[in-house]
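The structure appears right after this line, and notes come after that.
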Amino acid sequence: ARCKILRSAHLITTTVTAVGALTSFSVVDDGGVIDALKAGEVVNTRNGERRLIMGNLVGTIDINFPFVDLRVGDTVELVDGCDHAFTTCKAKFANTQNYGGQPYIPADNPFNGELS
């Protein structure tokens, strides 16, 4: 809610062309960018089922948990994913004014035994 990005601006509506393994299916269009949908959402518009997208590659969508009823020909909505990193917020969504994290905390932690 605090992000304020319009879901519709980062949504692809497409058609299922094949249902493969339990957590994988193919679509006509996934936007063409590998893993751009990672951490996003897929919604089956026929029955409202939603799943987390684990990744995408050349028209194949991998999800976290199988759909109960996904069929070839179903229309699905694919929503871009966000990893909640400042760089993603800036480069992918141009939304740094609404970024709610701490972008300047160093990734190195002196308590884990290593510093680079």
Side-chain angles (χ1 to χ4, degrees):
R2 294 182 196 156
C3 177
K4 300 181 183 169
I5 289 292
L6 293 176
R7 181 183 176 95
S8 60
H10 299 279
L11 179 135
I12 299 168
T13 301
T14 189
T15 304
V16 176
T17 58
V19 179
L22 293 176
T23 58
S24 179
F25 61 95
S26 298
V27 294
V28 172
D29 178 23
D30 69 347
V33 179
I34 296 170
D35 280 341
L37 302 171
K38 187 175 185 175
E41 182 180 53
V42 57
V43 180
N44 184 337
T45 61
R46 179 174 51 82
N47 59 18
E49 276 190 276
R50 299 171 182 271
R51 295 291 182 267
L52 173 69
I53 298 174
M54 302 303 288
N56 65 293
L57 175 64
V58 193
T60 299
I61 310 296
D62 293 318
I63 54 177
N64 65 326
F65 190 76
F67 278 102
V68 173
D69 183 26
L70 183 66
R71 304 174 189 164
V72 171
D74 278 352
T75 299
V76 292
E77 294 178 345
L78 307 172
V79 182
D80 276 344
C82 179
D83 61 4
H84 302 274
F86 183 77
T87 53
T88 302
C89 190
K90 182 178 182 179
K92 187 174 186 178
F93 299 104
N95 191 33
T96 56
Q97 70 276 13
N98 293 315
Y99 181 73
Q102 301 294 325
Y104 304 111
I105 293 177
D108 291 335
N109 182 346
F111 299 104
N112 71 3
E114 293 182 21
L115 288 174
S116 43

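Atom CG in Asp69 sits 4.0 Å away from atom CZ in Arg46 (nearest 0.5 Å). Atoms CG and CD1, on Asn56 and Ile12 in that order, are 8.0 Å from each other to the nearest 0.5 Å. In this structure, CD in Glu41 is found 10.5 Å from CG in Asn64, a value given to the nearest 0.5 Å. Atom OG1 of Thr75 is separated from atom CG of Asn44 by 8.0 Å, given to the nearest 0.5 angstrom.
Here the shortest heavy-atom pairing between Ser24 and Thr60 reads OG-CG2, 3.4 Å. Closest heavy-atom contact between Arg51 and Val68: NH2-N, 4.0 Å. Of all heavy-atom pairs between Val43 and Arg50, the closest is CG2-NH1, 3.3 Å. Shortest non-hydrogen contact noted between Ala39 and Cys82 is CB-O, 3.6 Å. In this structure, Asp30 and Leu78 approach most closely via the heavy-atom pair CA-CD1, 4.1 Å. Residues Val19 and Arg71 come closest through the heavy atom pair CG2-C, 4.3 Å.
By the 4.5 Å heavy-atom criterion applied to side chains, Asp80 and Leu37 are counted as neighbours. Here the side chains of Thr23 and Asp62 are not in contact, with every heavy-atom distance at 4.5 Å or above. At least one side-chain heavy atom of Val76 sits less than 4.5 Å from a side-chain heavy atom of Thr14. The shortest side-chain heavy-atom distance between Val79 and Arg7 falls under the 4.5 Å cut-off. Using a 4.5 Å heavy-atom cutoff, the side chains of Cys89 and Asn95 are in contact.
Within a 6.0 Å radius of CD in Gln97, more than 12 heavy atoms belonging to other residues, nucleotides or ligands are found. More than 12 non-hydrogen atoms from other residues, nucleotides or ligands lie less than 6.0 angstrom from NZ of Lys92. Within a 6.0 Å radius of CZ in Phe65, other residues, nucleotides and ligands contribute 12 heavy atoms or fewer.
The hydrophobic cluster containing Leu22 does not contain Leu57, counting ILVMFWY residues as joined when their side-chain heavy atoms lie under 4.5 angstrom apart, directly or transitively.
Under the side chain to side chain donor-acceptor pair (under 3.5 Å) criterion, Asp29 pairs with no residue, sequence neighbours left out.
Between Phe67 and Phe25, the two ring planes are perpendicular [angle over 60°; tilted spans 30° to 60°].
Side-chain N or O atoms of Tyr99 include one that pairs as donor or acceptor with a backbone N or O of His84 at under 3.5 Å.
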